[in-house]
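Chain letters run A, B, ... following the sequence lines, proteins first, then strands; residues in each count from 1.
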Amino acid sequence: MIVRTRFAPSPTGYMHIGNLRTALFAYLTARRNNGVFILRVEDTDQERNIPEALDAIYASLALAGLDYDEGPDKDGGYGPYVQSERLDIYKAHVERLLASGGAFRCFCKKDDTGQEDSEPVRRDSCRNLTEHEVETKISAGESFVIRQRIPESGSTTFVDEVYGEITIENTQLDDQVLLKSDGFPTYNFANVVDDHLMGITHVMRGQEYLSSTPKYNLLYDSFGWPVPIYVHLPLIVKADGSKFSKRLGDPSFEDLVRMGYLPGAIVNYIALLGWSPGDDREFFTLADLEQVFSIDHINKSSAAFSFDKLTWINGEHIRALSGDEFHTLAEIYYPDALSRFDTRKISRLMQVRTEKLTDIPQAVAFFFELPECDVSLYQHKKSKCTPQISLDVLRAVLPVMEELEVWDNDSLLQALKAFIQARGYKVGTVMWPIRTALSCVLVTPGGATELADILGKEETLKRIKAGIEKLENAEK
RNA sequence: GCCCUCAUCGUCUAGGGGACUAGGACGUGGCCCUUUCAAGGCCAAAACCGGGGUUCGAAUCCCCGUGAGGGCACCA
């Protein structure tokens with residue numbers, strides 16, 4: 001059997017985190033089994049449909065690296081892959097159900113089921129209409145929907161690969177709408193028809209569909225089709241346990257990328273939400289995952305999304321980049337004013353300390369624009385530094401640096417080490433004031449000599465003099 | 001309201017009757033390294049929801065309770 005899985009998003013304009021995880025698991029299941037991964041667009045809701053959204057789906061999938069083998073723009077012989085182009089298929093299938101008694105016409109108006117809001121439809125009264133009554137209503141021009149005829153009694157059992165055997169009484173199932181009055185199928189119906197016609201072997205979707213799965217099974221039965229393997233995935237929730245909601249401002253996949261997270265890191269992190277490799281590994285590229293993913297390590301309980309851990313794993317992915325790769329990414333975040341420095345050197349310093357790409361601009365800002373300097377920065381216990389000592393050090397070290405002819409990290413380090421030894425200082429006592437004078441910030445992407453190297457001789461001396469002046473003024 | 005599902009450190013998880021003094025990771029605290037900060041190394045605190053069974057033995061199996069989540073649309 002060739003494994004065929006699909007990702008079936010509705011075109012909403014962005015990639016929900018939970019959807020991305022569903023897509024990822026479906027993709028991995030296909031890849032792991034040398035199967036086929038399919039993209040199908042479920043645009044059956046005419047009101048919520050956004051045309052441009054299709055491009056957003058392509059873009060996100062490409063960004064995440066989830067290549068599909070069949071889809072709207074990649075015919076594999078099972079198309080069309082957009083549901084709005086399959087209307088006649090659904091119509092033909094609904095006719096089959098009508099003929100076999102598996103479905104019936106319902107003439108009730110939208111909000112006219114005769115029930116309280118809190119009560120579900122369950123058994124619709126139109127299911128007992130005689131053929132004559134139906135004919136009469138149709139010729140009278142009454143609009144109708146097609147509903148599924150759920151058995152009056154009994155129960156339906158199915159097996160889920162993650163959750164095991166689940167049984168639901170048929171009395172709990174309602175005569176759900178299959179075909180809307182506008183001629184479009186509902187999600188539930190189109191899903192069953194397409195999954196079967198497209199040869200989907202593993203139906204992978206969110207856990208929220210668990211309790212409606214019996215209705216799917218009943219539909220498969222009515223058609224005489226074999227039921228697929230069900231793989232329901234646990235939900236991804238927020239730290240407080242509530243649902244992710246784009247409307248409430250929770251980030252989508254694209255948002256996370258904009259926030260400075262690498263797509264590969266997001267994919268890695270999200271794979272660990274609801275799945276584990278079974279050992280202690282946590283760093284995975286998509287290619288790694290394709291090798292080790294297995295649906296029997298999927299969890300049952302929902303997982304809380306942690307920005308802390310995502311940030312950490314993002315740092316891991318950043319550090320795993322080659323120097324060139326990081327530099328290319330970092331450059332996008334370098335302010336223009338940084339270009340007068342050797343940005344490759346800066347990138348080398350930045351790579352090991354960057355957790356999110358968006359942290360970069362702030363971290364490198366002092367290079368081209370020295371912030372207002374607070375004298376208290378020169379106070380550092382571990383380096384045995386006070387403003388007074390700093391002043392002494394800077395005054396003494398200035399001529400040493402002025403005399404330096406070769407200006408690079410090694411020479412600077414050598415000269416300063418010699419100075420330190422001759423004077424009997426602690427290393428930090430000299431390095432701290434220099435680094436502070438050069439940056440005027442508490443945290444920098446590198447030590448004193450590395451910064452001096454990048455800033456260049458002229459700028460370095462200028463900043464040290466400014467530091468001396470600052471400290472002198474503070475003394476008065 | 002009815003139905004379904006879930007339940008191990010704060011969080012993600014390992015665990016599928018004895019290997020559990022419950023392992024790893026993030027985060028937190030401490031130490032080391034060190035030219036700041038990181039990275040790296042080491043250490044620490046931190047969990048089997050509660051109660052009954054079954055068993056020689058239960059985090060692991062069963063039941064009840066509790067808590068949490070999901071479903072019950074002409075939305076997907």
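- At the heavy-atom level, A:K382 lies under 4.0 Å from base atoms of the strands shown.
- Between the NZ atom of A:K381 and the P atom of B:C37 there is a distance of 14 Å, rounded to whole Å.
- Applying the Watson-Crick and G-U wobble criteria (two distances, each under 3.5 Å), B:C37 pairs with nothing in any strand.
- Taking atom CH2 on A:W312 and atom C1' on B:A39, their separation rounds to 13 Å, with Å as the unit.
- For the P atoms, the distance from B:A76 to B:G71 is 14 Å, rounded to whole Å.
- Residue-level contact check: A:F184 touches neither bases nor backbone, having no heavy atom under 4.0 Å from any strand.
- Of the possible donor and acceptor atoms, none in the side chain of A:W275 sits under 3.5 Å from a partner among the backbone N and O of A:D296.
- Under the 3.5 Å distance criterion, with hydrogens and angles disregarded, a donor-acceptor pair is assigned to the side chains of A:T444 and A:R435.
- At B:A76, one or more side-chain N or O atoms of A:T44 fall inside 4.0 Å of OP1 or OP2 (strictly under the cut-off).
- Enclosure of atom CD in A:Q362 is not indicated, since only 12 or fewer non-hydrogen atoms of other residues, nucleotides or ligands lie within 6.0 angstrom.
- Looking at heavy-atom distances under 4.0 Å, A:S301 makes contact with sugar-phosphate atoms alone, never a base.
- Residue-level contact check: A:A448 touches the bases, meaning some heavy atom is under 4.0 Å from a base atom.
- Along RNA chain B, the nucleotide closest to A:T449 and the one closest to A:D280 are compared, and the more 5′ of them pairs with A:D280.
- Judged by distance alone, with hydrogens and angles left aside, the side-chain atoms of A:E161 form no donor-acceptor pair with the main-chain N or O of A:I295 at under 3.5 Å.
- In this structure, A:R319 reaches the sugar-phosphate backbone alone: every heavy-atom distance under 4.0 Å involves primed, P, OP1 or OP2 atoms, never a base.
- Within the structure, a side-chain polar atom (N or O) of A:N299 is placed less than 4.0 Å from OP1 or OP2 of B:A14.
- Taking atom C1' in both B:G65 and B:C72, one finds a spacing of 25 Å when rounded to whole Å.
- As judged by a 4.0 angstrom heavy-atom cut-off over every strand, A:V177 is placed among residues touching the sugar-phosphate backbone only.
- Among the protein residues, A:V427 comes within range of the sugar-phosphate backbone only, with heavy atoms under 4.0 Å from sugar or phosphate atoms but none that close to a base.
- The residue A:Q351 sits apart from the nucleic acid: no heavy atom pair falls under 4.0 Å.
- Using a 4.0 Å heavy-atom criterion, one finds that A:S212 contacts no nucleic acid atom at all.
- The phosphate of B:C75 (OP1 or OP2) has a side-chain N or O of A:K180 nearer than 4.0 angstrom.
- Ranking B:C74, B:U5, B:G71 by closeness to the A:S181 side chain, first place goes to B:C74.
- Distance noted for atom P between B:C61 and B:G16: 10 Å (whole Å).
- The aromatic rings of A:W432 and A:H380 sit parallel to each other, their planes meeting at less than 30°, with 60° as the upper class boundary.
- Heavy atoms of other residues, nucleotides or ligands lying less than 6.0 angstrom from NZ of A:K426 number more than 12.
- When Watson-Crick and G-U wobble pairs are counted only if both distances are under 3.5 Å, B:A25 pairs with B:U11.
- Checking B:C74, B:C3, B:U13 against every side-chain atom of A:Q172, the shortest atom distance belongs to B:C3.
- Evaluation of atom-type donor-acceptor distances gives no pair under 3.5 Å for the side chain of A:S306 against the base of B:C12.
- Nucleic acid contact for A:G315: none, since no nucleic acid atom lies under 4.0 Å from a heavy atom of the residue.
- Taking atom P on both nucleotides, B:G40 is separated from B:C26 by 8 Å, rounded to a whole Å.
- In the set B:C26, B:C6, B:U36, B:C26 carries the atom at the smallest distance from any side-chain atom of A:D308.
- Residue side chain A:K309 reaches the base of B:A25 through a donor-acceptor N/O pair under 3.5 Å, judged by distance alone.
- The main-chain N or O of A:V159 is never found under 3.5 Å from a side-chain atom of A:Y230 such that the two would form a donor-acceptor pair.
- Taking atom P in both B:C33 and B:G18, the straight-line distance is 45 Å, to the nearest Å.
- Using atom P as the reference point in both B:G10 and B:A22, the two lie 15 Å apart (nearest Å).
- One atom, CD of A:E208, and another, C1' of B:C6, lie 15 Å apart when rounded to the nearest Å.
- Annotation: B:A19 and B:U60 have their C1' atoms spaced 14 Å apart (nearest Å).
- Spacing between B:C49 and B:A58 at atom P, rounded to whole Å, works out to 16 Å.
- Base contact: A:L413 has a heavy atom under 4.0 Å from a base atom.
- Following rounding to the nearest Å, A:F189 (CZ) and B:A76 (C1') show an atom-to-atom distance of 16 Å.
- Pairing each heavy atom of A:V430 with each of A:P433, the nearest pair is O-CD, 3.2 Å.
- At whole-Å resolution of the value, CD1 in A:I313 and P in B:C26 are 9 Å apart.
- Map A:L310 and A:G274 each onto its nearest nucleotide of RNA chain B; the residue landing nearer the 5' end is A:G274.
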